[in-house]
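Residue numbers run from 1 in the order of the sequence given.
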Amino acid sequence: MKFMIIYLGNREMKSGQKPEVKKWKGNKKVKTLADKKAKGLHMNRVDRKKFAKEGAKKQFDDKIKKAVKHQLEELEERSVSSMSESSFGSQPPPKRKRVSFSSSLEHHKLFDKKDMSLEIKWVKPSTASPGKSCLRLKKKGDKKKAKVVKKEKVEVAEESEDDEKMEVGEEQNEKQENESDGDEEEEVKPVLKKKTKIQVTKSVKEQLLTMDRKDRKKFLKELAAKKKPNFALGEQCKQLWEVIRSGKTKKDVKEEHVEKLIKLIKGKLKNLVYSHDTSRVIECLYKERRDDVRNMIYDELFSEIVKMSKSKYARFFVTKMIKYGSKHQRVKIMDAFRGHCVSMFKVSHSADVLELIFNDYATQQQRWDILSEFYGKEFVLFRTEKSRPIEQIVAEEPSKKKGIVKCIEEIVNDIVQKTTIKSSLAHKLMLDLMTYGDREQQGNLMDSIKDKLPEFIHTPDGSELAMRVVWNTSAKDRKLIVKNFKDLAVKAATDVHGCRTLMAIFDCVDDTVLVNKFITQELANNVGTICESKYGIRTAHYLVHPRDGRVMRKHVYQMLAKGDNNEHSKKPMGERYTELFRAFAPGLYTWMAANMEKLIFGQVETANLVLAALEPAGENERGGEEVTLHLTGNKYERFERVIDPELRLPCYEAIAELAKKEFIPCDEVNAHIVEHKWANFVLSRLLKFDGNLPEAERLSTQLAKLTPAQIGEWVGCNKGCFTLLRMFENGSAETKKKVKSSVSLKRIQGYSSEGAKILTKLLS
């Protein structure tokens, strides 16, 4: 006989047996503490505390219910007008938990948890806009339905073990009708004006979640159409715009849609230009090369030019007017800005428009008209036909200097914390304040911008301002300046003006360990990117050869020389340059050895870098003659540059590898190293000063490792003969022997070049 096992909880029972009834020992189990108390059962300490709390809670709930009932009875007697002017005040409620999406909740009354006096506090309904995911338009009711709905919500905060909040919601609707009897007329009560309101409802939220993408999009469009007066017009404009801006649209179809769009928006541009979508339609239409369309748009919107410049979206159309408009229109726009430049500059949107005009389109007189407004109202009212820079104004009328500087200081204090600080106009104003302000004004300006230097070193005025800040700040502030260039050193080094700021830092910051950590090491790790840039190569050259006249222009040298005698730099300049070079050298020489052909055959700037990095230090005093810079009159060498042989030899081996290539005289496409104009210049200069190095580190020693046939071919051109001549003059005894054995005198005598003649005399 098989038995079936039935599981009851954790116990097993065979079929056919009666379930065992558990016998309770002692008192029977009760459900609540009240039953336990009523039966006279024993209660421990915890049960007694719980029972006391439940009793207090029940009494508190009864009081609340009575108070709420009393208040609801009073509300039924109140009118709509008395509801709008509630005497309970507008005290802001404490943070409360939202438990309902009901559309019938408008007024709220709260019971403060901390206040046990049961005083009811009334709060006005929230004016915050609901979320996008749960929007619903208020439905229009019948005339017979209630015109005014009173909505109430009671939130009760109580003290419990779990600190739970109890919310009691009550809804009450009053119907109000205007009834007219023959004998007597009831007083018509004021009714609020009907408005299309967006309400948050749980049902609509659930409805949106169940909709598919297409239906949801349609529903939201209908909602937006009731909120925006020009929604339908904007939709039509955007449909035509899609056809016009497409590159696949045929010319005749495009013209047809342009005409339709013009008829649609004519006279309504002022309502469309401020929107984020329709403003782009007008921009596209203005870009069409049709003068009649541009003139129509210009005439209709010219009166709004200043207002549009300050708009978030319309400002882009103003830039299109400046860019694509005629010269006459551009002049009229600039004249319209006259007197508004200061107010426009304080708004970030219009500041971009003003910067575009000032930087790209304004003439010298127009630039002066814009800039003079920042010098005071006097220059706005009494406009001069001839532009005068601030240097001339201060020189001719010194009494105006104080007023001009004060006006500039007020404007700079407003823009220094905004994105406007990146504009060239702001850099010009700050530089004028730094130049003509007193010591206190200069100190305040430096304190406010010392941590923002990378933001304005991309313009000439901003770069000069940054250099002055570096020169005139203390050692502590210079550390902050250097740290702000973290991860920005490469970008600054490759900028036409930013590289000058880095050069000023290399010149005067004594904490070279910090400079190497945040700037020099980053440059060494990205030396390839730097050397591919026209201006980055100048920064690399400055670390190798500071103030080198072969790559530095005179005005840049004179500008950097202004900071040489600053009061905050204590370390000798040569010592700073040496420590910076040591940090930069490993990355530079390793990259040079791997890319030697690209460097010496590429551009004259990169060829000069190879020469500056490999030429021996102190070569300018060779022969007892002191060689000086033709631009400055100062000595060429700024520090004693010591190059590790492990870094120099790979570069010389790379040059010797290039010399192994087959020599074809007068080959302009694939010129040999001894005949290429820049490569031969580097080769000749390095061989000329080869005697200053030990024999194992000389370039001539590496070239002597070539075969006699490869060396002997160089006599076929004049530059090759001079290369052999310098190898013979500055090389070791083995090098001279190799040159003499590789060159055939009979072959040299067959050439009439100047180098062949000198080499023949030397070898014979």
Side-chain angles (χ1 to χ4, degrees), residues 422 451-459 462-463 466-467 470 478-509 511-548 550-552 556 560 576-614 639 641 643-644 646-648 650-651 654 682:
K422 298 179 181 180
D451 58 337
K452 300 179 178 65
L453 259 63
E455 297 183 23
F456 55 81
I457 61 174
H458 57 278
T459 63
S463 176
M467 293 166 68
V470 172
R478 287 177 178 178
K479 290 183 179 181
L480 177 62
I481 291 171
V482 171
K483 289 179 181 178
N484 283 321
F485 278 94
K486 183 181 180 181
D487 300 330
L488 298 172
V490 175
K491 189 173 183 179
T494 53
D495 186 76
V496 56
H497 306 295
C499 60
R500 300 175 189 174
T501 306
L502 292 186
M503 293 175 187
I505 292 175
F506 298 152
D507 284 343
C508 63
V509 177
D511 193 352
T512 53
V513 175
L514 192 70
V515 176
N516 289 335
K517 180 180 179 181
F518 289 101
I519 299 179
T520 313
Q521 194 60 47
E522 184 180 348
L523 298 179
N525 295 337
N526 298 275
V527 67
T529 304
I530 295 171
C531 293
E532 290 173 359
S533 169
K534 178 181 178 181
Y535 303 104
I537 198 73
R538 297 181 183 181
T539 308
H541 198 116
Y542 199 84
L543 287 167
V544 175
H545 257 288
R547 314 283 176 91
D548 190 352
R550 290 173 292 189
V551 296
M552 182 173 289
V556 178
L560 291 170
R576 284 197 296 270
Y577 289 145
T578 302
E579 293 173 359
L580 294 173
F581 175 74
R582 287 175 183 170
F584 185 64
L588 174 65
Y589 285 92
T590 304
W591 185 82
M592 281 172 50
N595 299 273
M596 186 59 66
E597 182 177 5
K598 180 180 177 181
L599 290 172
I600 63 177
F601 286 96
Q603 299 176 354
V604 64
E605 290 86 359
T606 55
N608 277 331
L609 175 64
V610 175
L611 177 59
L614 294 176
F639 70 101
R641 186 174 58 262
I643 306 172
D644 191 346
E646 295 181 358
L647 299 176
R648 183 192 295 275
C651 296
V682 174

Exercise. Run the side chain to side chain contact (heavy atoms under 4.5 Å, CB included) check on Ile537 and Ile530 step by step: do they pass?
Worked result: CA-CA 6 Å; Ile537 198 73; Ile530 295 171; 5.9 Å; no
Problem set entry | Steps toward side chain to side chain contact (heavy atoms under 4.5 Å, CB included) verdict (Ile519, Lys483) | CA-CA 9 Å; Ile519 299 179; Lys483 289 179 181 178; over 6 Å; no
Please set out all donor-acceptor pairs under 3.5 angstrom arising from side-chain atoms of residues 599-608, sequence neighbours excluded.
unit_1	atom_1	unit_2	atom_2	d
Thr606	OG1	Leu599	O	2.6
Thr606	OG1	Gln603	N	3.3
Thr606	OG1	Gln603	O	2.8
Asn608	ND2	Val604	O	3.3

Exercise. How close do Leu614 and Met592 get, heavy atom to heavy atom, and via which atoms?
Worked result: CG-CE, 4.2 Å
Problem set entry | Pairwise distance CD1(Ile481) to CG(Leu514) - rounded to 0.5 angstrom | 11.0 Å
For this session: Could you grab the distance from atom CG of Asp495 to atom NE2 of His458, nearest 0.5 Å is fine?
Result: 8.0 Å
Problem set entry | Any Ile505 side-chain heavy atom under 4.5 Å of Val515 side chain | yes
For this session: Of all the heavy-atom pairs spanning Ala613 and Ile643, show the shortest one and how long it is.
Result: O-CD1, 2.9 Å
Exercise. Within a strict 4.5 Å, meaning less than it, do heavy atoms of the Leu543 and Tyr577 side chains meet?
Worked result: no
Problem set entry | Non-hydrogen atoms of Tyr535 and Cys499 that approach each other most closely | O-CB, 4.3 Å
Exercise. Does atom NZ of Lys452 have more than 12 heavy-atom neighbours, drawn from other residues, nucleotides or ligands, at distances under 6.0 Å?
Worked result: yes
Problem set entry | Separation of Thr539 OG1 from Arg500 CZ (nearest 0.5 Å) | 11.0 Å
Seminar exercise, completed: So CD1 of Ile457 and NZ of Lys491: to nearest 0.5 Å the spacing works out to 9.5 Å
Exercise. Under 3.5 Å, is there a donor-acceptor pair linking the side chains of Tyr542 and Arg547?
Worked result: yes
Seminar exercise, completed: In this structure, CG of Asn484 is separated from CG of Asp451 (nearest 0.5 Å) by 6.0 Å
Exercise. Excluding sequence neighbours, so at least two apart, what forms salt bridge (charged side-chain N to carboxylate O under 4.0 Å, His left out) with Glu597?
Worked result: Lys661
Exercise. Is Pro546 close to Phe506 at the side-chain level, that is, under 4.5 Å between some pair of heavy atoms?
Worked result: no
Seminar exercise, completed: Smallest heavy-atom separation, Ala504 atom then Met467 atom, equals CB-CG, 3.9 Å
Exercise. Can you check side chain to side chain contact (heavy atoms under 4.5 Å, CB included) on Cys508 and Arg478, steps first, answer last?
Worked result: CA-CA 9 Å; Cys508 63; Arg478 287 177 178 178; 4.1 Å; yes
For this session: Could you tell me whether the side chain of Arg641 reaches within less than 4.5 Å of the side chain of Phe581, counting heavy atoms only?
Result: yes
Problem set entry | Distance-only polar pair, side chains of Tyr589 and Asp644, donor-acceptor under 3.5 Å | no
Exercise. Can you tell me how far the CG atom of Asp511 sits from the CZ atom of Arg576, to the nearest 0.5 Å?
Worked result: 11.5 Å
Exercise. His497: what forms a ring-ring contact (aromatic ring centres under 6.0 Å, His included) with it, not counting sequence neighbours?
Worked result: none
Exercise. Which heavy-atom pair separates Leu502 from Ala489 by the least distance, and what is that distance?
Worked result: CD1-O, 3.7 Å
Exercise. Just by distance, do the side chain of Thr590 and the backbone of Pro586 share a donor-acceptor pair under 3.5 Å?
Worked result: yes
For this session: Return the set of residues passing ring-ring contact (aromatic ring centres under 6.0 Å, His included) with Phe584 (not counting sequence neighbours), or none when no residue passes.
Result: none
Exercise. Looking at residues at least two apart in the chain, or sitting in another chain, which of them share a salt bridge (charged side-chain N to carboxylate O under 4.0 Å, His left out) with Glu522?
Worked result: none
Exercise. Could you go step by step and tell me if Gln521 and Asn516 meet the side chain to side chain contact (heavy atoms under 4.5 Å, CB included) rule?
Worked result: CA-CA 5 Å; Gln521 194 60 47; Asn516 289 335; 5.7 Å; no
Exercise. Hey, does Leu588 have a side-chain heavy atom less than 4.5 Å from the side chain of Leu609?
Worked result: yes
Exercise. Which pairs, with at least one residue in residues 532-542 and sequence neighbours excluded, count as a salt bridge (charged side-chain N to carboxylate O under 4.0 Å, His left out)?
Worked result: Glu532-Lys598
Exercise. If you take all heavy atoms of Ala654 and Ala593, which pair is closest and at what distance?
Worked result: CB-O, 3.6 Å
